Protein chains: 2
Amino acid sequence: MSSQAETLKNNGLKVTLPRLKVLEMFEKTPGQHFSAEEVYTRLIESGNDIGIATIYRILMQFADAGLLRKSNFDGDKAWFELEDGEHHDHLLCVDCGKVVEFLNPSIEQQQRTVAKQHGFELLEHNMVLYGLCGACRKTPMA
Amino acid sequence: MSSQAETLKNNGLKVTLPRLKVLEMFEKTPGQHFSAEEVYTRLIESGNDIGIATIYRILMQFADAGLLRKSNFDGDKAWFELEDGEHHDHLLCVDCGKVVEFLNPSIEQQQRTVAKQHGFELLEHNMVLYGLCGACRKTPMA
DNA sequence: TTTGATGCAAATGTTTTGCATTGCA
DNA sequence: TGCAATGCAAAACATTTGCATCAAA
């Protein structure tokens, strides 16, 4: 049995071809983010016969199972990435779309403090920093 | 001329009835957030004749002009609030939807540091903390 | 075999757009 | 008057869902 099949089983998901293909795609490209549409296009182009609805269902299941992480970079469409077990936030270049993952313990600490100050129990958070990456700062858009 | 008319003019926007009504609605309820649909419903219920498309156009213009601030609490619809000139982030109760605004200089500082470490010029950021407010912690959902 | 997964198409919810009409300056 | 703003309806877009079919256990 493939390692992907093992992963699915361990997460209580029945092993099916579409699920294997989606998981495989993410594991082939560690550290990258994809929208549902992108996952769909890639699989279709790889010769797989799969529907966009199935992609959405699988991505949601994987996110629920903790295999994938779902991010919403503002009002835009949702992006998915492999969950590496380690929480992190995102730094996004508004020019080229480059995404950098980071983890800042000091910020995480302060977030808990802020929540506490307002009587909240912090469950999770979403933080995206928008800026210009080194390359795009040197070559501004025409 | 009304103060709302002044505000519109000062921001390079022609003074029209729909714009006045939208601005007035926000200024009447400081510190509150509304979706486009909510703004629409409120104005209709106040006896105004206005289209949803106009609401969207006006909200976008106001956000561009810096009069309003647009927030996307995850993949959900967009929310708008009066821009008070002071940047702040949001703390949201996942149960009752209560929104608390906060500003934490230490986090803001760390964000700049993180961006710098990765060679980015920080332009802006989006941060939403999700949790349970005091009231909802005491009376968990059935 | 039997239940759950899939694919398709249609429905949904939010937001945007084309276009004829209206209304500020 | 003239051009921008509006209202309506339709389009666009991401996402979800109903349902008949298919496939994994």
Side-chain angles (χ1 to χ4, degrees), chain A residues 1-2 4-25 33-44 46-65 67-68 70-80, chain B residues 1-2 4-25 33-44 46-65 67-80 97:
Chain A
M1 181 180 303
S2 73
Q4 282 92 9
E6 291 283 4
T7 303
L8 291 177
K9 281 203 168 182
N10 293 340
N11 282 278
L13 294 164
K14 191 190 271 189
V15 180
T16 66
L17 203 52
R19 285 179 184 158
L20 283 172
K21 289 299 176 186
V22 170
L23 184 53
E24 192 188 320
M25 203 220 76
H33 301 68
F34 302 95
S35 66
E37 188 70 34
E38 284 171 352
V39 173
Y40 174 71
T41 306
R42 284 190 161 231
L43 290 182
I44 289 293
S46 309
N48 296 286
D49 184 17
I50 195 167
I52 186 73
T54 301
I55 298 288
Y56 275 102
R57 277 187 285 237
I58 290 177
L59 291 177
M60 202 188 313
Q61 290 158 354
F62 282 13
D64 285 346
L67 259 54
L68 293 179
K70 183 181 178 182
S71 306
N72 282 86
F73 295 155
D74 263 340
D76 239 19
K77 53 190 156 197
W79 294 74
F80 296 83
Chain B
M1 180 180 303
S2 72
Q4 281 91 8
E6 291 285 4
T7 303
L8 291 177
K9 281 202 168 182
N10 293 342
N11 283 278
L13 294 165
K14 191 189 275 189
V15 179
T16 66
L17 203 52
R19 285 179 184 158
L20 284 172
K21 289 299 175 186
V22 170
L23 185 52
E24 194 187 318
M25 201 222 75
H33 302 67
F34 301 96
S35 66
E37 187 69 33
E38 284 171 352
V39 173
Y40 174 70
T41 306
R42 283 189 160 232
L43 291 182
I44 290 292
S46 310
N48 296 286
D49 186 17
I50 195 168
I52 186 73
T54 302
I55 298 287
Y56 275 102
R57 277 187 284 238
I58 290 177
L59 291 177
M60 202 188 314
Q61 290 157 355
F62 282 13
D64 285 347
L67 259 53
L68 293 181
R69 196 150 94 83
K70 182 181 178 182
S71 305
N72 281 87
F73 296 154
D74 263 339
D76 239 19
K77 52 192 156 197
W79 294 76
F80 297 83

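A note on names: the letters A, B, ... follow the listed sequences, proteins ahead of strands, and every chain is numbered from 1. Since the structure is predicted, the reported quantities are computational estimates derived from the model, not experimental observations.
Proximity note for A:Pro18 (side chain, C-beta onward) versus D:dT15, D:dT17, C:dT6: the nearest is C:dT6. Listed candidates were C:dT15, C:dC8, D:dG7. Nearest to the side chain of B:Thr54 is D:dG7. Of the candidates C:dG4, C:dT16, D:dA14, the closest approach to any side-chain atom of A:Tyr56 belongs to D:dA14. When distances run from any side-chain atom of A:Thr16 to the nucleotides C:dA9, D:dA5, C:dA5, the shortest one goes to C:dA5. Closest to the side chain of B:Ala53, from the set D:dT16, D:dT17, D:dA9, is D:dA9.
A 4.5 Å side-chain heavy-atom check between B:Thr41 and B:Glu37 finds at least one atom pair inside the cut-off. A:Leu8 places a side-chain heavy atom less than 4.5 Å from the side chain of A:Phe62. Side-chain contact check for A:Arg42 versus A:Phe34: some heavy-atom pair is nearer than 4.5 Å. The shortest distance between side-chain heavy atoms of B:Ile55 and B:Leu43 falls below 4.5 Å.
Taking only distance into account, the side chain of A:Arg57 never meets the base of C:dG4 through a donor-acceptor pair shorter than 3.5 Å.
Distance, A:Leu59 CG to C:dA5 C1': 15 Å, rounded to whole Å. Rounded to a whole Å, the CD atom of A:Glu38 is 16 Å from the C1' atom of D:dT15. Rounded to an integer number of Å, the gap from A:Tyr40 OH to C:dG7 P is 9 Å. Rounded to whole Å, atom C1' of C:dT12 lies 13 Å from atom CD of B:Glu37. Atom P of nucleotide D:dT6 and atom CG of B:Leu20 are separated by 10 Å, given to the nearest angstrom. Here the P atom of nucleotide D:dA14 and the CG atom of B:Asn72 are 15 Å apart, to the nearest Å. At whole-Å resolution of the value, CD1 in B:Ile55 and C1' in D:dT6 are 11 Å apart. Following rounding to the nearest Å, B:Leu13 (CG) and D:dA4 (C1') show an atom-to-atom distance of 12 Å.
Each of A:Lys70 and A:Leu17 has a nearest nucleotide on DNA chain D; the 5'-most of these lies closest to A:Lys70.
Remark: A:Lys77 is in phosphate contact with D:dA14, judged by side-chain N or O atoms under 4.0 Å from OP1 or OP2.
As judged by a 4.0 angstrom heavy-atom cut-off over every strand, B:Ile50 is placed among residues touching the sugar-phosphate backbone only. Within the 4.0 angstrom heavy-atom criterion, only backbone atoms of the sugar-phosphate kind lie near A:Arg19; the bases stay farther away.
One finds the NZ atom of B:Lys21 at 15.0 Å from the OG1 atom of B:Thr54 (value rounded to the nearest 0.5 Å).
Across the helix from C:dT1-D:dA25 to C:dA25-D:dT1, the helix axis at one end is tilted relative to the axis at the other end by 30° (nearest 10 degrees, each axis from five pairs).
Across every non-hydrogen atom of A:Asn11 and A:Thr7, the tightest pair is ND2-O, 2.8 Å. Pairing each heavy atom of A:Trp79 with each of A:Glu38, the nearest pair is CZ3-OE1, 3.3 Å. The two residues A:Lys14 and A:Arg19 make their nearest non-hydrogen contact at O-NH1, 2.9 Å.
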